[in-house]
Amino acid sequence: EELAASKKAVPVTAPAATEKPVKTEAAKPASVPQKPPASRPSPAASKSDLHKAGEVMKVALPRGVEIELVYCPPGTFKMGSPTDEMGRSADEEEHTVTLTRGFWIGKYEVTCKQWQSVMGRLEKKTGGDALPVSEVTWEECVQFCSRVGKEFRLPTEAECSYRRNL
């Protein structure tokens with residue numbers, strides 16, 4: 001199931017890169033080191049070594065709203081479902097997937113408040129400000145990500161599955 005499809009909640013993801021989204025002050029700010037610790041050999045350290053699995057970063061959105069991202073390191077996992085699983089579809093064949101790069105993904109689904117702070121409007125609001133946004137198109141989700149920042153995009157199906165398995 002691809003979360004980017006129409007009428008789904010909107011997760012966002014940003015690649016793990018040396019250029020990070022703007023962080024805002026929080027009660028307990030996330031530690032995002034710029035360089036690997038001295039105990040690691042700097043030239044050999046990969047970008048993924050700069051972050052720890054589950055590390056949280058807050059990103060400022062317009063109108064004083066924030067979105068939390070969580071870091072997912074590179075890794076290998078099983079995607080799909082076993083052949084003996086009840087209700088399994090034919091296209092859900094279990095297979096091994098390796099993600100070679102870490103990535104940042106929304107810790108929670110995008111809320112109505114976050115959506116409105118970036119997009120300025122929400123055609124159909126199906127609940128309160130703290131509830132996940134729904135009934136938006138894939139194109140609107142892509143536009144939301146690009147307005148948040150050039151390094152933001154919708155996650156792949158593999159990234160969503162991997163995040164659920166961490």
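Positions are given from 1, in the same order as the sequence printed here.
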task = Check whether any side-chain N or O of Ser161 sits under 3.5 Å from a backbone N or O of Ala158 as a donor-acceptor pair, and report yes or no.
result = no
inquiry  = Using the rule given for side-chain contact (heavy atoms from CB on, under 4.5 Å), can you reason through Glu55 versus Val70, listing the C-alpha separation, both sets of side-chain angles and the distance that settles it, and then say yes or no?
reply    = CA-CA 6 Å; Glu55 179 180 340; Val70 63; over 6 Å; no
Under 3.5 Å: donor-acceptor pair, side chain of Gln114, backbone of Glu66 = yes
message = For Glu92 and Ser81, which I'm curious about, is there any donor-acceptor pair between the side chains at under 3.5 Å?
response = yes
query = Can you check whether Val59 reaches Leu69 side chain to side chain, under 4.5 Å on heavy atoms?
reply = yes
key: Pairs flagged by salt bridge (charged side-chain N to carboxylate O under 4.0 Å, His left out) wherever residues 113-123 is involved - sequence neighbours left out   = Arg121-Glu123
ask   = Which atom names give the shortest non-hydrogen contact between Tyr71 and Gly102, and what distance separates them?
value = OH-CA, 3.3 Å
key: Main-chain N/O of Ile67 paired to Tyr108 side chain as donor or acceptor, under 3.5 Å   = no
message = Side chains of Phe144 and Val110, heavy atoms from C-beta outward: is any pair under 4.5 Å?
response = yes
ask   = Measuring from Leu99:CG to Arg163:CZ, what's the distance to the nearest 0.5 Å?
value = 13.5 Å
remark   = All heavy atoms of Leu166 vs all of Cys72, minimum pair found to be CD1-SG, 3.6 Å
query = Judged by atom type as modelled, is there a donor-acceptor pair below 3.5 Å linking the side chain of Glu85 to the main-chain atoms of Pro82?
reply = no
task = Identify the two heavy atoms, one from His51 and one from Trp104, that lie closest to each other, and give their separation to 0.1 Å.
result = ND1-CZ2, 3.4 Å
ask   = Is it the case that more than 12 heavy atoms not belonging to Glu93 sit under 6.0 Å from its CD atom?
value = no
inquiry  = Less than 4.5 Å apart, side chain to side chain, heavy atoms only: is that true for Thr100 and Pro74?
reply    = no
note = Correct closest heavy-atom pair for Thr111 and Ala130 would be CG2-O, 3.4 Å
key: Glu159 bridged to Arg153 by N-O distance under 4.0 Å   = yes
key: Val65 reachable from Leu131 in the ILVMFWY side-chain graph, under 4.5 Å edges   = no
key: Separation of Asn165 CG from Lys78 NZ (nearest 0.5 Å)   = 12.0 Å
ask   = Looking at side-chain heavy atoms only, is the closest gap between Trp115 and Val136 below 4.5 Å?
value = yes
query = In Å, rounded to the nearest 0.5 Å, how long is the span from CZ of Arg88 to OG1 of Thr83?
reply = 6.0 Å
task = Identify the two heavy atoms, one from Met119 and one from Gln143, that lie closest to each other, and give their separation to 0.1 Å.
result = CE-OE1, 3.4 Å
key: Flag side-chain contact, heavy atom, 4.5 Å: Glu157 against Met79   = yes
Cys145 side, atom SG; Glu151 side, atom CD - distance, nearest 0.5 Å = 10.5 Å
Beyond-backbone contact of Ile105 with Pro155, side-chain heavy atoms, under 4.5 angstrom = yes
ask   = Hey, what do you get for CE (Met57) to NZ (Lys107), rounding to the nearest 0.5 Å?
value = 13.0 Å
request  = Nearest 0.5 Å please: distance from the CG atom of Leu61 over to the CZ atom of Arg147.
outcome  = 12.5 Å
